[in-house]
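Input: a single structure, listed below in structure tokens.
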Amino acid sequence: MIRILLVEDDEAISEGLRYSLVQEGYDVRLCARKETALAALRETAFDLLLLDVMLPDGSGYDVCRFAKQRGDTPVLFLTACDEEVNVVMGLDMGADDYITKPFRVRELQSRIRSVLRRCGGQKNIYRFGPLMLDASSARVSVEGADVPLTALEYRLLLTFAAHPGQVLTRGQLLSGLWDEGGNFVNDNTLTVYIKRLREKLAEAGAGGLIRTVRGMGYQLEDRHEE
């Protein structure tokens with residue numbers, strides 16, 4: 001699970017962000033002050049830092065500087081000011097991105113995914129609403145609970161996950177699927193596997209993700225995007 005350190009002194013904002021990020025499958029730790037953030041960095045390895053610029057006992061720049069001295073953890077600044085000098089200062093000390101308040105949670109989630117992809121922190125992780133697919137371990141889960149899939153069901157889901165929001169024809173899906181004997185899965189069998197995959201996802205609490213696009217094929221909805 002990806003660990004995020006959120007440093008924000010506004011309790012209403014921090015609790016709202018933590019709730020939203022936990023729902024996305026992230027492990028989030030909150031800090032409201034610079035010193036508690038530095039202590040957290042000394043004891044825990046994080047995959048991403050979300051830093052408010054203005055803190056009661058310092059600034060997010062101090063936390064960023066400390067983190068970058070210890071490693072190359074990705075940093076995304078949350079700032080109420082988008083003046084060029086503030087943005088440049090953060091980027092010059094190694095920050096990977098910034099977002100100006102007020103912002104929408106979905107926009108922040110998109111920025112987080114982008115930073116993690118660029119920094120290699122989410123290379124094998126696919127998230128769609130409550131569904132997570134970890135290609136490095138071939139694990140599929142819904143809100144942390146494993147979803148048992150057969151090898152072909154997993155490969156079918158992985159094919160969808162690699163093309164989020166894209167309508168895939170039956171031919172495209174078939175071309176990526178082989179049965180255990182090394183033969184192509186036929187068209188009728190594909191229908192069965194899609195049905196079973198949908199049923200298992202629905203039972204786990206992630207129903208409705210795979211849509212039938214009449215006359216064209218199937219689509220895995222990218223529920224991260226607007």
### Summary
Shortest non-hydrogen pair, Ala206 vs Leu131, comes out as CB-CB, 4.3 Å

#### Entry: Trace of the side chain to side chain donor-acceptor pair (under 3.5 Å) decision for Tyr218 with Arg170
CA-CA 8 Å; Tyr218 301 90; Arg170 295 179 68 87; 2.8 Å; yes

### Query
Do Leu116 and Phe103 share a hydrophobic cluster (ILVMFWY, side-chain heavy atoms under 4.5 Å, transitive)?
yes

### Query
How far does CZ of Arg70 sit from CG of Leu41, to the nearest 0.5 angstrom?
7.0 Å

### Query
Centroid-to-centroid, Phe77 to Tyr61, below 6.0 Å?
yes

### Task
Would you mind reporting whether Ile2 and Arg127 have side-chain heavy atoms less than 4.5 Å apart?
yes

### Query
Given the rule in the salt bridge (Lys or Arg N to Asp or Glu O under 4.0 Å) test, do Arg29 and Asp47 qualify, once you have shown the distances and angles that lead to the verdict?
CA-CA 12 Å; Arg29 179 167 175 177; Asp47 301 295; over 6 Å; no

#### Entry: Criterion side chain to side chain donor-acceptor pair (under 3.5 Å) on Thr212 and Arg198, from CA distance to verdict
CA-CA 11 Å; Thr212 298; Arg198 280 172 161 165; 2.7 Å; yes

### Message
With heavy-atom distances below 4.5 Å as the criterion, would you say the side chains of Asp52 and Leu6 are in contact?
### Response
no

### Task
Report yes if some heavy atom in the side chain of Arg18 is under 4.5 Å from a heavy atom in the side chain of Val22; otherwise report no.
yes

### Query
Under the side chain to side chain contact (heavy atoms under 4.5 Å, CB included) criterion, do Leu173 and Thr169 qualify, and how do the steps go?
CA-CA 6 Å; Leu173 294 171; Thr169 67; over 6 Å; no

### Message
The test is side chain to side chain contact (heavy atoms under 4.5 Å, CB included); show your working for Leu5 and Cys31 and say whether it passes.
### Response
CA-CA 8 Å; Leu5 176 63; Cys31 291; 3.8 Å; yes

### Query
Honestly curious: do Leu156 and Val213 fall in one hydrophobic cluster under the side-chain, below-4.5 Å linking rule?
no

### Non-hydrogen atoms of Pro74 and Val115 that approach each other most closely
CB-CG1, 3.6 Å

### Query
Would Thr44 and Arg3 satisfy side chain to side chain contact (heavy atoms under 4.5 Å, CB included), going step by step from the backbone distance to the final call?
CA-CA 9 Å; Thr44 305; Arg3 292 192 181 103; 4.1 Å; yes

### Query
Between Pro148 and Glu153, which heavy-atom pair has the shortest distance, and what is it?
O-OE1, 4.5 Å

### Query
Do the side chains of Tyr98 and Thr100 get nearer than 4.5 Å, heavy atoms only?
yes

#### Entry: Side-chain touch Ile99/Leu50, heavy atoms, less than 4.5 angstrom
no

### Message
So Glu143 and Met132, do their side chains get closer than 4.5 Å, heavy atoms only?
### Response
no

### Task
With rounding to the nearest 0.5 Å, note down the distance linking CD in Gln69 to SG in Cys64.
10.0 Å

### Task
To the nearest 0.5 Å, tell me how far Thr189 OG1 sits from Leu152 CG.
9.0 Å

### Query
Hey, is the main chain of Leu76 close enough, under 3.5 Å, to the side chain of Asp97 for a donor-acceptor pair?
no

### Query
With a 4.5 Å limit on heavy-atom distance, are the side chains of Leu51 and Val75 in contact?
yes

### Summary
dist Arg155:CZ -> Thr150:OG1 (nearest 0.5 Å) comes out at 8.5 Å

### Message
Tell me whether Tyr19 shares a hydrophobic cluster with Leu48, the cluster being built from Ile, Leu, Val, Met, Phe, Trp, Tyr side chains joined at under 4.5 Å.
### Response
no

### Task
Indicate the atoms forming the closest heavy-atom contact of Arg33 with Leu55, along with that distance.
C-CD1, 4.4 Å

### Side-chain donor or acceptor of Lys34 paired with backbone N/O of Pro56 under 3.5 Å
no

### Query
If you round to the nearest 0.5 Å, how far is CG of Leu17 from CD of Gln109?
9.5 Å

### Task
For the residue pair Ile4 and Asp27, establish whether any side-chain heavy-atom pair is separated by less than 4.5 Å.
no

### Task
Can you see which heavy atom on Phe128 is nearest to which on Glu221, and at what distance?
CD2-O, 3.5 Å

## Note on the structure
Between Ala161 and Leu133, the two heavy atoms sitting closest are CB-CD1, 4.5 Å

### Query
Do any N or O atoms from the side chain of Glu15 and from the backbone of Ala12 form a donor-acceptor pair under 3.5 angstrom?
no

### Message
If hydrophobic clusters are built by linking Ile, Leu, Val, Met, Phe, Trp and Tyr wherever their side-chain heavy atoms come under 4.5 Å apart, do Val105 and Tyr26 end up in the same one?
### Response
yes

### Message
Can a donor-acceptor pair be found, under 3.5 Å and without considering hydrogens, that links the side chain of Ser14 to the backbone of Asp10?
### Response
yes

## Note on the structure
d(Ile13 CD1, Leu30 CG) to nearest 0.5 Å is 12.0 Å

### Task
With side chain to side chain contact (heavy atoms under 4.5 Å, CB included) as the test, would you mind laying out the steps for Lys200 and Lys195 before giving the verdict?
CA-CA 9 Å; Lys200 289 186 177 181; Lys195 179 175 182 292; over 6 Å; no

